[in-house]
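By convention in this document, chain letters (A, B, ...) are assigned in the order of the sequence lines, proteins followed by strands, and residues within each chain are numbered from 1. The figures here come from the full heavy-atom set of this structure, side chains too, leaving out hydrogens, waters and symmetry mates. These numbers come from a predicted model, not from an experiment.
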Amino acid sequence: MTKSYADLMREVRARIRELSPGEVERLREASPGVVLIDCRETDEWEQGFIPGAIHLPRGYIELNVEAMVPDRSQPIVVYCAQGIRSAFAARTLQEMGYADVASMSGGFGQWKSMGLPWLMPAFLSHEQKLRYSRHLLVPEVGAEGQAKLLASKVLIIGAGGLGSPAMLYLAAAGVGTIGIVDFDVVDLSNLQRQVIHTTDRVGEKKVESARLTINALNPDITVIGHEEMLTEANVERIIAGYDVIVDGTDTFETRYVLNDAAVVANIPLVHASVFRFEGQLTVFQPYQGPCYRCLYPTPPPPELAPGCSVAGVLGVVPGIMGMLQANETLKILLGIGDTLAGRLLLFDALDASFTELRLRRDPNCPICSDAAVEARQAGRPLPAATVGEEAPFILGGSFGAQA
Amino acid sequence: MSVVRIPPVLRASAGGNKQVDVPGATVGEVLAALAERFPSLRQQLFTEEGELNRFVNVYLNDQDVRYLQERATPVGERDTLIILPAMAGG
């Protein structure tokens, strides 16, 4: 027996639940857990959608819904332009075992005409849709996330072993503005690990060399060069306005200067350091997790902390750590996953092992504790240890009391 | 015997070992026994007054001993002590 569209529609309507736009809006307010699926085509979605909706064109519902809504008891409302396609889609979801599904009658057209809230999706050019298509396919990134990345500003301290891979991947990912702090020139001995530079750029400024590579990879990216050494005098000006800072420096002095300023400016700092076959990685999220001084209140003497130029390093080690820094940075920018804030990840290339240590905020930290904040507000910052200077008020510290 | 993991910068002072089995019932005892076995480690780990240098972090498994009972923290047979100095390289 053949069935007409009218027959099919009647059958479906008899089996599904329909809610008016007003009822859907009230349901959303009453139970924020309800999933809204927009089953229209992409060109319709681009003209506007209901805030928080998932875009899942009707032709892809069976294929993708289980990944996007794994819990079959989750309440779902499907909508389209007028309430026809969404009725069929709702029936399909019921057949797949989703227990609490409704279709919005009148569709997005009626929603809009009732003056209910809607949004325009983030705008990506045709070329950007192709370039970032693998991000757009990932629900946790999508067009909204990609637009966020394109609007983000990340500052990378040092175009060296850690900074090179970090900035390559951040540029490829479409982080719209990348600031680079480095006053050095490319040296032949850098190229064993600093993969942003090239042999024919030996002797050129690292910032300019990095800019060439980044823009060859992705012309969307604005590169801001800061050709100066990061010091207490300029750090506040340089880091202002950035969303995340990647610490790829190679001296304690710069690391402390950067930490202290990042805490004050409340900018997350993605930290890594390397030595031969080993690396350390964490995220310092100001006032939520520990800062660099909570972890290392005083710098070690120089003989116990040689840099790569003295001790050497397997080139791939900063490569791995720098890429993990890029990973943490992207998670912070997108607001997804769990960052390493409060955890220190140790990497050993010889064992191919990762070890995780728990970090805590030091209640007596001279930079990020409540007392330190109060002291700064009163114009009398607490004293903190500086590199190359004995700091007797900390040395011995709490260990002495228990000894 | 608990296991003490020696960081790369201190391995030369610890006979080139990456990890060492050391006896002791507390963090303080284990570190003292370690310094006795490798005397050149002593000046790197401890101050002249015999206290642990503040730039050296010690973790019992994944916990900073500063937030446990510091040197009095009990150490069991299957525990690992990690000596963690800051590293600067980038």
- Item | Straight-line distance of A:Met323 CE to A:Leu162 CG, nearest 0.5 Å |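 One finds 11.0 Å between CE of A:Met323 and CG of A:Leu162.
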- Task: Would you give the length of the straight line joining atom OH of A:Tyr296 to atom CD of A:Gln280, rounded to the nearest 0.5 angstrom?
- Result: 3.5 Å
For atom [atom1] of [X], is the number of surrounding heavy atoms from other residues, nucleotides or ligands below 6.0 Å larger than 12?
X	atom1	value
A:Glu253	CD	no
B:Phe46	CZ	yes
B:Asp21	CG	yes

If we define contacts as heavy-atom pairs under 4.5 Å, which of [options] has the most with chain B?
options	answer
A:Gly158, A:Pro301, A:Pro318	A:Pro301
A:Leu359, A:Val313, A:Thr355	A:Thr355
A:Ser273, A:Ala272, A:Gly160	A:Ser273

Let me know if [X] has heavy atoms under 4.5 Å from chain B in its side chain, its backbone, both or neither.
X	answer
A:Arg358	both
A:Asp348	side chain
A:Ile157	neither

- Task: With chain B as the partner chain, list the residues of residues 281-294 of chain A whose heavy atoms fall under 4.5 Å from it, by residue number, and write 'none' if nothing qualifies.
- Result: A:Tyr292, A:Cys294
- With respect to chain A, which residue among B:Val9, B:Ile82, B:Asn57, B:Asp62 yields the maximal number of heavy-atom pairs within a distance under 4.5 Å?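 The answer is B:Asp62.
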- salt bridge (charged side-chain N to carboxylate O under 4.0 Å, His left out) involving A:Arg343 - partner list, sequence neighbours excluded: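 Checked A:Arg343 against salt bridge (charged side-chain N to carboxylate O under 4.0 Å, His left out); matches are A:Glu356.
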Note: [X]-[Y] ion pair, threshold 4.0 Å (strictly below):
X	Y	answer
A:Asp182	A:Lys205	no
B:Arg42	B:Glu51	no
A:Arg360	B:Asp64	no

- Query: Which atoms of B:Leu84 come close to chain A, meaning under 4.5 Å heavy atom to heavy atom: side chain ones, backbone ones, both, or neither?
  - Reply: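 Both backbone and side chain.
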- Task: Measure B:Pro85 against the heavy atoms of chain A and call it side chain, backbone, both or neither at under 4.5 Å.
- Result: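 When you check distances to chain A, only backbone atoms of B:Pro85 fall under 4.5 Å.
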- Under the side chain to side chain donor-acceptor pair (under 3.5 Å) rule, what do B:Ser13 and B:Gln44 come out as? Steps first, then yes or no, please. CA-CA 9 Å; B:Ser13 310; B:Gln44 312 209 6; 3.1 Å; yes
